[in-house]
Each structure stands twice: as structure tokens, then as C-alpha cells.
Amino acid sequence: MILFIISLTLLGAYYFMIHYYHQSWKQVPHFDSNAPHDLVAAEKISVVVPARNEEAVIEQCILSLLQQSYPKELLEIIIVDDYSTDRTAGIVKQFSKEGIQLISPCEQADANTETVAFKKKAIETAIHAATGNLIVTTDADCTFHKDWIRTIAAFHQYSKAVFIVSPVKIKSGNSLLSVFQSIDFAILQGITAASVYKKFHSMCNGANLAYEKTIFNEVKGFENINHIASGDDMLLMQKIYSKYPGNIAYLKAREATVETLPALSWKAFFNQRIRWASKTGQYNDKRIVFVLALVYIVNLCLFVLLAGSIVRPGWLLFFTVTVFYKTIIEWTFVKEVLKYFNLQHLMRWFPLFQPLHITYTVIAGFWGSFGSYEWKGRKVK
């Protein structure tokens, strides 16, 4: 009973947080790149794609990049082969005549180095070689609207932001796993948009970021955060935010949305989320630490109620009641976010996924702090 009361009390604080995100999400303005913005001449942009063992998806990513409406002479595409052991590099080389550049961090670091920050090293190598003023990072399993770069460029000149966060959508398939990821990730994207727009806390995803090369160099890139495998997005954002808090912006535009693939297995999914959770202890932004702590404690209480119902069946009623309230608190916000990403047809699954979401949050959060995970064939502690 005490745990049930604690859970309801925490849900009170959780309600105000979700309500804040919901209201903030609705306030994020849509950016129309076709509207007149008194823009100056177009700028050179470098797209950086780190790739490790991506032979199944890299060609589709490149083809999508080659279809961009942005002027070809102002668009530089750099694929960084992160020590792939498959055909990734060979596939990229086939597009060299189309201007696709293939580089490797091998020139500046031994493949057997003790570092765990391979992705950061790959991105850093590409940025050093880039000739564009604006760096746009994405992942090898992503595809893009033809006006993706044009929209980012227009927003950059319009907003004068030095760090731009843009939407990412997981493609929804027919499997239970892909549907769950599409819903869960869309919710994270809604929170990202709200938090960045309101400057409530730092949050972003490396699959769709843009930042000025001079600013990256000014904050010395990934220096002091290259001891952790993850964090090429949020930890970098924190560094830039500490110097330019008023120049971080969120680009809310469907043309700027990047689509990425879901994890193909539950093991891969948990490894991904554990990897994300592993950087939590490195956040200097205490606001997001507070938010993550509240979310984790709420889910931990519900998880204990669920697990405890095995030996105390009466707890199942307490669990059901608290999950019902949690679902009601989140419902409207989630519905609007899913609608924006054209995923509203998945809303019927949202209540059913609550126990799964609670369980993975607790496990990934714990293992991210005290365990290890495997990512792209690498074991990380």
C-alpha cells in the first residue's frame, strides 16, 4: 500500500512534467522553407555519415542523399568507414563518380586503439576534412525528404542558430518490435522538440543534427567526452549550449524529418537503449538528470508493483490503477506527437505497450549505469 501511495504521488509530479512538454510541443512553430525569409546567398554544407558494417542500408542512404534538391556544388557528402568488416566501403566507392567521398579514421588512429569513442572519432575525422561551413550529421540507415538539406539551410540562415536539432522518425513495420519502437521514439522526439524550443534541457539525436564547423572547433569537438562510447550528440550539444545557450534551435518541419530503421531484434533494441542510458552520468545539464531521474523512479515503482504481484497477487490491482493513470496523463500528448509523424494509427497500441515500456526503462536504465552492452560488434563496458 505504501508503494502504491508513493507511486500515485510521483505520478502527480509526472503529470505536471508531461503537461509542460505537451504545451511546449504545441508552441513549437512550424518552419516553412518556401516562405520568404530574406535569405542571403546559399552556403556550403557538409553531410557526415559515420558507417560501420552497413552494407544492407548504405546504398539506400546514399541514393537518398543524391536526390537532395540543394545545389550540388554547395553540398558535400562524406561517408566515414568506421573499420567495417563487411562490404560497406566497397559499396560507397561505387558512388565516387557522383561525388560521394569515402574517408577513414585509420589515418589518424590505429584500429586497435583502446578508445571506445569510435563513432566520435569517425565524425571528428570527417569534420576535419569537411569544407562546408555547416556540418549535418546523420546515420547510415537513414533516408531523407528531397528538401531535407534545403530546409536545414534555410532555417540556419533564418534562425542564426549555431546548433540545430531536427526530427527523426522510426519507420513503422508490421512486427511488434517495430511498432513499439515507432511509438516510443516518437514520444522521445516530442519531448526533444519541447525541451529544445523552451530551452528546458538539452536533448537531441545524432541522426539529424546540424552545427557550424567553427563552433565545433571552438568547443574543441569531443575533447573531454571521448572516453565514453555514446554521446556524439547530446554531450556535444551540452558543450555548445554552455557557450551559446541562446543559439540552440529546434527545426520543426516535415521536410526536415529523417527516417531511420528500427532495431531488428529485441537484443539489438536493448543494446541501443542501454548505450543511450550509459551517458547519463556524464550530463552536466542537471535539468535533464532530474527529468530522467523522475521518469526512472516512476517506472521503477510500477515495475516493483508488477514484479511483486507474482508473490502478492493483490499488488496487480495497484499496478493496474497506477498504469491507468499514467496512460491518461500521457494520452493527449502522445496522440498529438504520433499524428505529427503520421503514426496516429498506432495509438491503439499505446496502452498495451505500457508494461513493456516500464520494464525496458528500468532494465536499460540500470544496465546503462552498471553493466555493459554490444554495439556494432563491439563490446562496451
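In this chain, numbering begins with 1 at the start of the sequence shown. What you are looking at is a predicted structure, and each value in this text was computed from that prediction instead of being measured.
Within a 6.0 Å sphere centred on NZ of Lys339, heavy atoms belonging to other residues, nucleotides or ligands number 12 at most. Annotation: Lys93, atom NZ; neighbour count of heavy atoms from other residues, nucleotides and ligands within 6.0 Å does not exceed 12. Other residues, nucleotides and ligands contribute over 12 non-hydrogen atoms within 6.0 Å of the CZ atom of Arg287. Summarising the local packing, NZ of Lys97 is surrounded by 12 or fewer heavy atoms from other residues, nucleotides or ligands at distances under 6.0 Å. Dense packing is recorded around CG of Leu356, with more than 12 heavy atoms of other residues, nucleotides or ligands lying under 6.0 Å away. For Trp349, the CH2 atom counts as loosely surrounded, since its 6.0 Å shell holds 12 or fewer non-hydrogen atoms of other residues, nucleotides or ligands.
Residues Ala129 and Glu76 approach most closely at O-OE2, 4.5 Å, considering heavy atoms. In terms of heavy-atom proximity, Ser182 sits nearest to Leu343 at O-CD1, 4.0 Å. Nearest heavy atom pair, residue Ala263 against residue Gln181, reads N-OE1, 2.8 Å.
A cation-pi arrangement is absent between Lys198 and Trp25 under the rule of less than 6.0 angstrom and at most 45 degrees off the ring axis. Taking the centre and axis of the six-membered ring of Phe341, the NZ or CZ atom of Arg254 falls outside the cone set by 45° and 6.0 Å.
The same ILVMFWY cluster, assembled from side-chain heavy atoms under 4.5 Å apart, contains both Trp331 and Phe16.
To the nearest 0.5 Å, atom CG of residue Leu292 and atom NZ of residue Lys286 are 11.5 Å apart.
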Checklist entry - Would Lys146 and Ser64 count as a side-chain hydrogen bond (donor to acceptor under 3.5 Å, both in side chains) if you check the C-alpha gap in whole Å, the side-chain angles of each, and the deciding distance to 0.1 Å? => result CA-CA 7 Å; Lys146 65 181 181 64; Ser64 186; over 6 Å; no
Checklist entry - What do the steps show when you test Thr131 against Lys44 for side-chain hydrogen bond (donor to acceptor under 3.5 Å, both in side chains), and what is the final call? => result CA-CA 8 Å; Thr131 59; Lys44 181 73 174 289; 2.8 Å; yes
Next on the checklist: What verdict does the side-chain hydrogen bond (donor to acceptor under 3.5 Å, both in side chains) test give for Gln238 and Asp285, after you've listed the backbone C-alpha separation in whole Å, the side-chain angles of each residue and the deciding distance to 0.1 Å?
Outcome noted: CA-CA 7 Å; Gln238 282 190 169; Asp285 187 348; over 6 Å; no
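When atom types are taken as modelled, the side chain of Ser84 and the backbone of Asn53 share a donor-acceptor pair closer than 3.5 angstrom. The closest donor-acceptor contact from the side chain of Ser178 to the backbone of Ser172 lies at 3.5 Å or more, if one exists at all.
Side-chain contact between Ile328 and Phe324: present, with at least one pair of heavy atoms (C-beta onward) separated by less than 4.5 Å. Using a 4.5 Å cut-off on side-chain heavy atoms (C-beta onward), Tyr21 and Phe200 make contact. Contact of the Val258 side chain with the Lys169 side chain is not registered, since no non-hydrogen atoms from C-beta on lie closer than 4.5 Å. Within the 4.5 Å cutoff, no side-chain heavy atoms of Ile79 are placed close to those of Glu54. Between Asp81 and Ile103 the shortest side-chain heavy-atom distance does not fall below 4.5 Å. Using a 4.5 Å heavy-atom threshold, the side chains of Val304 and Trp315 count as touching.
A ring-centre distance under 6.0 Å is not found for Phe366 and Tyr296. Phe155 and Phe31 have their aromatic ring centers within a separation under 6.0 angstrom. If you look at Tyr325 and Tyr15, their ring centroids are not closer than 6.0 Å. Separation of the His357 and Phe350 ring centroids does not fall under the 6.0 Å cut-off.
We find that Glu330 and Lys326 are joined by a salt bridge, their nearest charged nitrogen and carboxylate oxygen being less than 4.0 Å apart. The pair Lys120-Asp233 fails the salt-bridge criterion, with no side-chain N (NZ, NE, NH1 or NH2) lying under 4.0 Å from an Asp/Glu carboxylate O.
Note on ring orientation: taking the six-membered ring where Trp is involved, the planes of Phe180 and Trp266 are tilted (angle from 30° to 60°). Taking the six-membered ring where tryptophan is involved, the planes of Tyr211 and Phe163 are essentially parallel, since the angle between them stays under 30° and well short of 60°.
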